[in-house]
There are 2 protein chains.
Amino acid sequence: MIGTDEIKVVIVEDFKLTRVGLRCALNENKDINVVGESENATDGLRLIEQLKPQVVLMDLGLPGMNGIEAILKLRETNKDVKIIALTSHDREEEVITVLSAGANAYCLKDIDPIKLSDVIRDVANGVCWLDAEIAGKVLRSFPKQDKMVLLNNQSQNHNQVPLTEREFEVLKHLVSGKSNTEIAKELIVSVHTAKAHVCSILQKMCVNDRVQAAVKAVKEGIV
Amino acid sequence: MIGTDEIKVVIVEDFKLTRVGLRCALNENKDINVVGESENATDGLRLIEQLKPQVVLMDLGLPGMNGIEAILKLRETNKDVKIIALTSHDREEEVITVLSAGANAYCLKDIDPIKLSDVIRDVANGVCWLDAEIAGKVLRSFPKQDKMVLLNNQSQNHNQVPLTEREFEVLKHLVSGKSNTEIAKELIVSVHTAKAHVCSILQKMCVNDRVQAAVKAVKEGIV
DNA sequence: GAGTATATTACCCAATCGTCGCATTTAATT
DNA sequence: AATTAAATGCGACGATTGGGTAATATACTC
């Protein structure tokens, strides 16, 4: 389950003491390798581009460009690297913003180093991990719908969006703004085929045109 | 950091084989004690009330009352117990609904039992843990408007979109899937005007067509 | 082997879309 | 007073879209 390869980590953290502490603690693990460190976001971004780590430990309270800006900037060019936001107790309100910006996990700085190593392994594999102190806040942020709506959503999601794999591919291209011609080119089929798929997508999603389909797909996270 | 007390767990899962497998795997751990099992939600809820476990493993694909209903019902009376939603690959779309209902973690059934033990310990301490397969979906579901707010409040405005109020109105209708004709009717102007607005919206947003405009607007929370 | 589902291709047609140029009115700014 | 930006309107153009119907091929199920 857990990859056997070594996990490359870059640390972006302004306090030298914390930085050294993190590096020492993490390098105790054979499978975790701290390949780079930076005390500010600008250098950090450059380091990440050069070293291509699997995981970034990003302090949120950086001088100059702060952690959130750094995450946004990083995500503009790199969708794959996993970002663990590291912060102290006094910035817990930012959690939703940080996750929106593109972080994969959120830890408080007083986390047990051993636990942090586990989190790094999890996050490297794609897991989302949220510290206990703020997990409740995030979970409560999900729109509270009443029972009926929740149950309806569930049954609808199951029976009324049975897109085939091919249609799903087409939908993704559609959402990215491609025309039928472009979709056809992308999937190496004729325009007629692309149109046929779009047509059946519209019917299955119960919408009238591709704009509605795209919006619905984005809002419901189907893509 | 991690509590030294034994963690009491109740399993609610209809497949006997899976249930037994879970119990055996978890009871390998000295600190985890499977105190109860149930093959359906009704009995499961009763068990949880009696045994007061710290953690519940809740299968979502139960016969009769399903897992989501069970979670909702459980949360009516018990805010403290931690709920780990357990499911197979074919129900990944439910994840947001499940978290809204009150689950603390979301695992796929093919999780490594050792990993599951770790997750149980984490969740018992309040952590939110989401399987890699669905973490992306959840993280993407966070409203992107925070990004705009952030950029407005904090740093330089990147390529801000200076839409006029009228164009903004048109954009909202556009996102809701209306045609130019419908937009015109809605705003009580001619189709030509509506088209003119759409045209300038596309140019200002640097996109090629209304689908891209709609998707961009939704993703960035402009609407 | 028959039947069903999916993917693929094709054609026609009405409607819509995106762009361009041009024109008028109003409001705000200089 | 002159300029600018915004909102409104018109006509025309080619491109695109969505609907309908239908045929063929493949794959999977019963």
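It should be emphasised that the depicted structure is a prediction, and the values quoted were computed from it without experimental measurement. What you see below is based on every heavy atom in this structure, not just the backbone, and it leaves out hydrogens, waters and symmetry mates.
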- To the nearest angstrom, the NZ-P distance between K178(B) and dT17(D) comes to 22 Å

- Query: Any idea which heavy atoms bring G36(B) and L51(B) closest together, and the distance?
  - Reply: CA-CD1, 3.9 Å

- Query: Can you check whether T42(B)'s main-chain N or O pairs, donor with acceptor, with N40(B)'s side chain at less than 3.5 Å?
  - Reply: yes

- Message: What is the distance, to the nearest angstrom, from the CD atom on Q203(B) to the C1' atom on dT19(C)?
- Response: 8 Å

- Note on the structure: Nearest heavy-atom contact between R75(A) and K82(A) is NH2-CA, 4.4 Å

Polar atoms only, N or O, under 3.5 Å: list the protein pairs with nucleotides 23-29 of chain C and their distances.
none

- To the nearest Å, how far apart are I201(A) CD1 and dT8(C) C1'? 15 Å

- Item | Close side-chain approach of V170(A) to H173(A), heavy-atom, < 4.5 Å | no

- Task: Go through dT17(D), dC17(C), dG19(D) for me and flag the one nearest to the L202(A) side chain.
- Result: dG19(D)

- Query: Can we say E169(A) and R166(A) salt-bridge, meaning some charged N sits less than 4.0 Å from an Asp/Glu carboxylate O?
  - Reply: yes

- More than 12 non-hydrogen atoms from neighbouring residues, nucleotides or ligands closer than 6.0 Å to CD on Q50(A), yes or no? yes

- Could you tell me the separation between the CG atom of N180(B) and the P atom of dT8(D), rounded to a whole number of Å? 14 Å

- Atom-pair distance (CZ on F168(B); C1' on dA7(D)), nearest Å: 18 Å

- Message: Under the side chain to side chain contact (heavy atoms under 4.5 Å, CB included) test against V55(A), which residue among I84(A), V119(A), I83(A) passes?
- Response: I84(A)

- Are R19(B) and D59(B) close enough for a salt bridge, meaning some N to O gap below 4.0 Å? no

Protein and nucleotides 24-28 of chain D: nitrogen or oxygen contacts under 3.5 angstrom:
none

- Query: Could E39(B) and K16(B) be called an ion pair, given the rule that one side-chain N must be under 4.0 Å from one carboxylate O?
  - Reply: no

- Item | Whole-Å distance separating the NZ atom of K204(B) from the C1' atom of dA7(D) | 11 Å

- Query: Which residues, if any, of residues 191-198 of chain B bring a heavy atom under 4.0 Å of DNA chain D?
  - Reply: H192(B), T193(B), K195(B), H197(B)

- Is K115(B) salt-bridged to D122(A), cutoff N-O under 4.0 Å? yes

- Message: What is the distance, to the nearest angstrom, from the CG atom on D209(A) to the P atom on dG19(D)?
- Response: 9 Å

- Backbone N/O of A124(A) and side chain of Q54(A): donor-acceptor pair under 3.5 Å: no

- Query: Do I201(B) and V207(B) have side chains that get closer than 4.5 Å, going by heavy atoms?
  - Reply: no

- Does S190(B) have a side-chain nitrogen or oxygen under 4.0 Å from the phosphate oxygens OP1 or OP2 of dC10(D)? yes

- So, is R166(A) close to the dT8(C) phosphate, meaning a side-chain N or O under 4.0 Å from OP1 or OP2? yes

- Which nucleotide in dA7(C), dC10(D), dA10(C) has an atom nearest any side-chain atom of T164(A): dA7(C)

- Note on the structure: Rounded to whole Å, CD of E169(A) lies from P of dA7(C) at a distance of 9 Å

